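A, B, ... follow the sequence lines: proteins, then strands. Residue 1 opens every chain. Bear in mind that the values here come from a model prediction, so they are computed numbers and not experimental data.
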Amino acid sequence: MMDWLQTVFVVMIVADFALLASSRIAGCINILALQGVMLSVLPLLNHASVSNIFFASLIFSIKALVFPFLLRRALKMVNAKREVEPLVGYSASILIGLAALIFSFWLSGRMGSFSPGMAILGVSASVFTMFTGLFVIVSRVKAITQVVGYVVFENGIYLLGSSLMLEQNMLVELGVILDLLVFVLLSGIVVFHINREFDHIDTDSMDGDGPGREVPLR
Amino acid sequence: MDFFLAGVVILVFAGLLSFFPSVGARARGRIAFAGNLCALILCGGPAVSQLLHPAPVSLMAATSIPGLNFSLRLDCLSAIFLVCLLMISCLSSLYGISYFGGQGSSSAPWFWFNVLVASMAMVLVSANAFLFLFFWEAMALSSFFLVLHDSGKKDVREAAWIYAVSSHFGLVCIISLFFLLSLPGGDMEFASFANSAHSRVIAAAVFLLSLAGFGAKAGFIPFHVWLPRAHPAAPSPVSALMSGVMIKLGIYGILRVLVILGGFEPWWGLVILSLGITSGIIGVVFAFSQHDIKKLLAYHSIENIGIIMLGSGLGVLGICCGVPAVSALAFAGALLHVFNHSVFKSLLFMCAGAVIKATGTHNVDEMGGLMKKMPVTGACFLTGASAISGLPVLNGFVSEFLIFLAALHGLSAGGTGGKELVYGSVATVVALSLIGALALGCFAKACGIMFLGEGRTECCNGAKDPCVAMLLPMMVLSGICFLVGIGGVFAVRLLANPVLELVEGLDARQAEISLLQASYSLGLVGICALAFLVLVIGGLAARTLLLRGRKVLPSVTWDCGYSESTARMQYSGSSFARPTLEFFCLLLGTHRKGPEISPPFPATSSFSTHTPDFLEDSLFRHVVNALSRCSEFICRIEKGSVHLQILLVVVALFVILAWSMLYG
Amino acid sequence: MIFAIVLIPMLAGAASYFVKGDRSRNTILVSTAFLHLVLSVGSLFFASAPALGGMLRFDEAGHLFLCTMSLLFLCASIYAASYIRFEGAAHRAPDDDGFIFADSPKNLFTACLLFFCGAMSLVCAAQHLGVLWIGIEATTFASAPLVYYHHSRRSLQAVWKYVMICSVGIGFSLIGNLLVMVAFSDAAKGSLFISDLLGSAASANADILMAAFVFFLVGYGTKTGLAPMHSWLPAAHGESPAFVSSLLSGALLNCAFLGIFRVHGICWSAGIGSFSGGLMIFMGLLSALVAAFFMIAQRDYKRMLAYSSVEHMGMAVLGAGLGGPAIVATMLHMINHSLTKGMLFLVSGNVLSASGTRRIGEVKGLFKLSPASGVLWFAGILAICGTPPSGLFVSEFLILREVFSRGMYLSGALILIPLLLIFGAMSRAVMEMFFGEPSRGGSGWRESASTILPPLLLLLVSIFLGLHLPAPLLAFLGKIGGGFKL
Amino acid sequence: MADTNTIAVDVFPLLCGLVLAPFIIGVVNRTKAFFAGRNGQPLLQLYFDIFKLLRKGAVFSRSTTWVFRLAPAVSLASTVSALAIFSLSPEGAALSFPGDIVLAVYMLALARFATVLSALDTGSSFEGMGASREVMLAPFAEAAFFILILAAAVASRSMSAATMFAAAIPLPVRILMFVSLFIVLLVENCRVPADDPNTHLELTMIHEVMVLDNSGPDLGMIFYAASLKLWLFASLAVCCIMPAGLTGGIIGEMALRVAGIICVCILVGVVESVMARFRFDKVRRMLVFASVLSSLALLIAVGVSA
């Protein structure tokens, strides 16, 4: 049982590195789907109660099916250039990712006071996923990639919750799901509009308010 | 005390009445004047009775807001300022009736005028810090709107803005001052401030904050930036009230804090003294270099505030060094100068207002020969000018005489006082003599260029004396100048109680004796003034007797035979001031736009000088520009992309987490 | 009763989505707002049973924010009715920034507005940290389309910034929730009910609770607009229509503040109140300083008001961090701020409609252009800067008194200096706009009762609070401060 | 105040001053003539001039107002009252009270104010120039004079003019006071280094140019006031240098005092004939030098008395 959990965490970490390295948005969306699958497996591994099964299928359907479908549709509608022009180069991202992984292992080591056992791997995986999500939001230019980054960040939080064996209250997971679902919907709409307004969808070119006259404070 | 409140309420109510559109402009002015008049009677009564036999009247009523209870206290110190306030407000509202009468009904700012007077009266009697701040800010707000009276012009708005910011700076200092005073208990009553002990450090901080906070209102040197801009911008009755009374509230604030703090340190006296000296000398030098008559008078307010600070600084030194004679006389001189300055400064502003209304220009160099066309205004301005330069027969001399007497006491007491007192007295005398002489020169220039000689431009042709309603307050004020000048001895008797209140640290008997001695000297000064007047009348009578039988021919002024001399050839303001100001050139930094006489045949050319206020330029403008530059730099973040801002959020999280882990 | 307060706006929102006519939709909007106000004031007097198994119950703080929010919502909806009618009537000329004033469909807009009110009522009622989190989440989603009412490039960018930053913030507060559950895992067996948490706070794991508070402070701080996380606020307020930004500033910031306030209560009873208080004081000071410096070179008056919100929220967070009697002053400050700021944003709508531009430099002669809103604008700016008749003067004075009585002279000075800078910047802007001759031809917009009366009502309430604090209100505020005894 | 029979004693020095003042102007002119090898005008020439002027008619410029007509009377009256305080008889002047020196100095300032205003009233550029130069020198002259008074007050621990100079002031302080007072005398009474009394080029004058337009009795009053002012400064200089009480009786004291004044006037005449007129900023530098001297006197007095 334990090694299944560990494989899930390891796959999550590998998926994060792949995300940092991927240059095409379509690739990112696939990685996202993979992470969704992994996450849906988690509740089953603890104990296969009816609520867990129902809940796992719910996560699977949302994270592995709905989100990727919506994002691909948005991508097609927008027919944006496939590749991604990041603010931080790919190799640099991977190196920063590595540093973050080491930091998260150190952090989970320091927070050993949590539940014992394999929590070390779980906490570090979730911290690293969260970091990857935030890093993608900050360093990628495309609006869709930022949405992907945000979803990865949410996955990280969900992973943190489940790895701390807090499975007994469904409310928090529901909250996460709700949050994700509506967020993706919303950004989809917004991305559509971004597309309609001008050709490319990177958010960097939208500078602040235009060059107004200077009010000289004599 | 209820008379007092009734007076204030009537005042505000009269102001409100002026909002009704149906009421004509003049009627509006009369209502406001009536309000001021009954405020004079209702509030003035208790104030004067308070001066004669000191029995502090107080009233306390809790309000719903925690910490703010409606507690008022009328004691001698506030009575003096109240008398000045009510007298000047009454006279300037009378003056304002016809001053505002002319321009359309809606423009008369009577509501704000009465609110200003009412809030000043309440500031003087409030004994709760919260209440004090409430009325202090109401005063600042109403005077801000009054300065904005003719808001059409750009520089009026600029002046009003600078005034608002500096009065807000003052408010910030005063708020922190009251908090420091209320430290142990947190109770906001002045009484509890007085009897709670303060550590030396807190007392020093409170003292410096009071100088900064109330200085921003009194307008001495480092905080004077708004004064030469706000007073010319305001209409004349308002600037008469503002520079006559409102800046005195800054002095009242400082004195009130000194009374509350009780134990002084010698270096406090020296700080006040040095502020007084710098304000006095720099104020009069800048006044000398001004062309705009109201700016000239505004800078002179700074100089007179400097003289008042000299007096109070010497007073504080006297208390610290244990020489009651010096402190009693110095405080008496300072308080009398507060009264005198409010009299002759509002007189000068009223005359300036009449002249500006008649000629339509502020520039002194465009006027000339107005004495022939506006004899009464000219005479009043002359009285005011000689009073402000401290010439003997008038009231300016009496208060400066008291401060001189205090300094001489300090010196002749010699060793007993202590080194600071000797240095203080010497500095006071030298500064006062310099300021007196320069003020004399400056007002000789003002009177000479404006009223004497020939009219320099055609704008003086149409000038004539304003109507009686405007002349009456001027004459009343000139009369008061002469009265106090000759009857100085009665003024000192009136001042005895507030001075004793300020000096209650030392033995009252010694202070009493020195005050008696001063009134003996002032009696003789009065007699000498009367003798002088008799001599002058005798001389005039002798001259008319001698000339009765002889030929008296009118002719042209001596012009060494050059018959084409025009009015423009007369000495102008800047040429009159140039020799004196050469000595202070590094202080002034006057820009000269000299004539470029290049073509062989003389073409028309012009020469003009402009004296920027170096302190304002070097201090105020740099601060404002620096702030706006770094704010522009920071604003770039606001325009930054989403990524930068999200990064900010994440970085903030990590920084706080790391900090709390290390120090948590 | 609580269900009614939360659900009625949401149902009305759903209903108005399908209603076709503008006029009928506006009546739904205004009547729901009025009903909501009546209900929330009513709930003050008769106690109502907690709903959803104790998750929804109005305690004093909840009541306070609910009533202010619903009063503001009523004024905003009256203003919105006329704003939408005027909108629909004429297709307005493109603003000087060149973007077109085509607007999003009215029914979606009204629905979101009502949903926004429902979400905020949910936050006020939340007694469970999870429900509180979901409520704040819902407010973000409800208000995103509102900000995007005027479809334009800049409002799009503002919405994107708003959604992204707030979502990241909410993600952090979710982590905060998790950490609280961990900290209380043995004490309250992972339940997030505030009453349980307060009860068993003493035995919670202190340093995890500290970490949780940090996440909450940054998470909800983003929504409150505290200093480093405030950059969405000027963008959102600058672009959204007037009454939306008045709701954003007047009510949404309060709800986010409520989140921090609840967690601060838990930390206070868990004994680490000094840590959380110190952190809040630091964030408060930072917000005041940053807002002051941002405001000096500001050229857009709506963004200027947004920064003033950042500064006032900083003051509130600082006051809450002090604890003890400062809590009463803080709550007073919250009421006054939402009233005055709400009023100012409504009037800024009038100013924008009258002058057609958002730049301070280009608005001239406001008094001649539209006298009533000009005078209101001037009085509002003076009130927000804390001049006496306004309630803000009283509350700022009381907060400062607490700061100085704790001997924190440096932080006292660090508050007073930004107040001075902000007064300078704002008075300069107001005087530029108010006086002089109107340079741009008026855009044919005339002030109507419904655009003047709501702000006037809000200003009068604030001035009333400045002059007289009714005793029951003080007692009510005292009860809120109960949990923070020094 | 002294009782009636000694009133005569107090008023006597004032009367003596009023009578003898024009005579000392004659003395000065006579010394200058002696140095120039001329016989010079008679000693009583100023009396004849004043008497002649009083009996002449007057010419007033059209641009002048009542200020011009009032000014001579004011300047004469103020100089007389200043003299009343400074007549410095051994038993105290006609009018002596603590701080009377301040009144005297400000009376002289009042005279200056009146003269400057009457100069500006005529509206001629020459008189304006004279007025502006007078105003330029006034601050420094007054500052030097006040420091001098302070030195005397500290040294003699008294505040009234009469007793101030009579007390035992140490010799070096007396010499310094005399020199600085002599410089102030030269500037105030328009003697050569500062101003040339009998030049005809208006551009170079200060005091004469301010009275260009006066005529008849007014001019007489002004000449008389000028002579009184010289008497006043000379008597002050004498009191500075000569300690009181050398001879027993009052008459003897007064005679000695008058002799001293005449010597001072001779010294003035000598200085006039020896030196040429300074440039105006040099005059200002001279006055600053005078105030330096008197502050040195003050420092010594403070050092000695403390």
Criterion side-chain contact (heavy atoms from CB on, under 4.5 Å) on C/Phe404 and B/Ile175, from CA distance to verdict: CA-CA 10 Å; C/Phe404 274 88; B/Ile175 283 184; 5.7 Å; no
B/Ser628 side-chain N/O to C/Ala297 backbone N/O, donor-acceptor pair under 3.5 Å: no
C/Phe393 versus B/Leu133, closest heavy-atom pair with distance: CZ-CB, 4.0 Å
Shortest non-hydrogen separation from C/Leu420 to B/Val165 and the atoms involved: CD1-O, 3.9 Å
Proximal component of C/Val394, with respect to chain B [non-hydrogen, under 4.5 Å]: both
Portion of C/Ile272 that has a non-hydrogen atom of chain B nearer than 4.5 angstrom: neither
Interface moiety of B/Phe130 toward chain C, non-hydrogen atoms closer than 4.5 Å: both
Pairs of heavy atoms under 4.5 Å with chain B: top-ranked of C/Leu400, C/Thr222, C/Thr387: C/Leu400
Part of C/Ile417 within contact of chain B (heavy atom distance under 4.5 Å): neither
Nearest-0.5 Å distance, CG of residue B/Leu657 to CE of residue C/Met210: 12.0 Å
C/Phe367, CZ: over 12 other non-hydrogen atoms inside 6.0 angstrom: no
Contact leader toward chain B among C/Arg401, C/Met283, C/Met295, C/His468, where contacts are heavy-atom pairs under 4.5 Å: C/Arg401
Of C/Val168, C/Leu217, C/Val214, C/Ile175, the residue whose pairing with B/Leu653 passes side-chain contact (heavy atoms from CB on, under 4.5 Å): C/Val214
Between NZ on residue B/Lys154 and CD on residue C/Glu432, distance to nearest 0.5 Å: 5.5 Å
Interchain contact, C/Leu332 with chain B, by part (heavy-atom threshold 4.5 Å): neither
Chain C contact via B/Ile202 - side chain, backbone, both or neither, heavy atoms under 4.5 Å: side chain
Nearest-0.5 Å distance, CG of residue B/Leu180 to OG of residue C/Ser405: 11.5 Å
Parallel, tilted or perpendicular, as decided by the 30° and 60° cut-offs, for the rings of B/His168 and C/Phe423: parallel
Side chain proximity check, B/Ser631 to C/Phe294, heavy atoms < 4.5 angstrom: no
Distance (rounded to the nearest 0.5 Å) between B/Cys173 SG and C/Leu416 CG: 8.5 Å
C/Leu473, part contacting chain B, at a heavy-atom distance under 4.5 Å: neither
Distance flag, aromatic centroids of B/Phe179 and C/Phe397, threshold under 6.0 Å: yes
Close side-chain approach of B/Leu648 and C/Met229, heavy atoms under 4.5 Å: no
Under 4.5 Å from any heavy atom of chain B - which part of C/Tyr162: neither
Atom CZ of B/Phe633: over 12 foreign heavy atoms under 6.0 Å: no
Donor-acceptor pair, side chain of B/Trp161 and main chain of C/Gly424, under 3.5 angstrom: yes
Side-chain touch C/Phe293/B/Leu627, heavy atoms, less than 4.5 angstrom: yes
Part of C/Phe282 lying under 4.5 Å from any heavy atom of chain B: neither
Reported CG-to-CZ distance for the pair B/Leu148 and C/Phe378, which is rounded to 0.5 angstrom: 6.0 Å
Distance (rounded to the nearest 0.5 Å) between B/Arg157 CZ and C/Ser427 OG: 13.0 Å
Aromatic plane relationship, B/Trp659 with C/Phe275 - under 30° parallel, 30 to 60° tilted, over 60° perpendicular: parallel
Per-residue contact mode, B/Ile634 against chain C (heavy atom under 4.5 angstrom): both
Pairwise side-chain contact, C/Phe213 with B/Ile656, heavy-atom cut-off 4.5 Å (strictly under): no
Heavy-atom check, side chain of C/Ile296 versus side chain of B/Glu632, under 4.5 Å: no
Any donor-acceptor N/O pair, C/Ser231 side chain to B/Gln645 backbone, under 3.5 Å: no
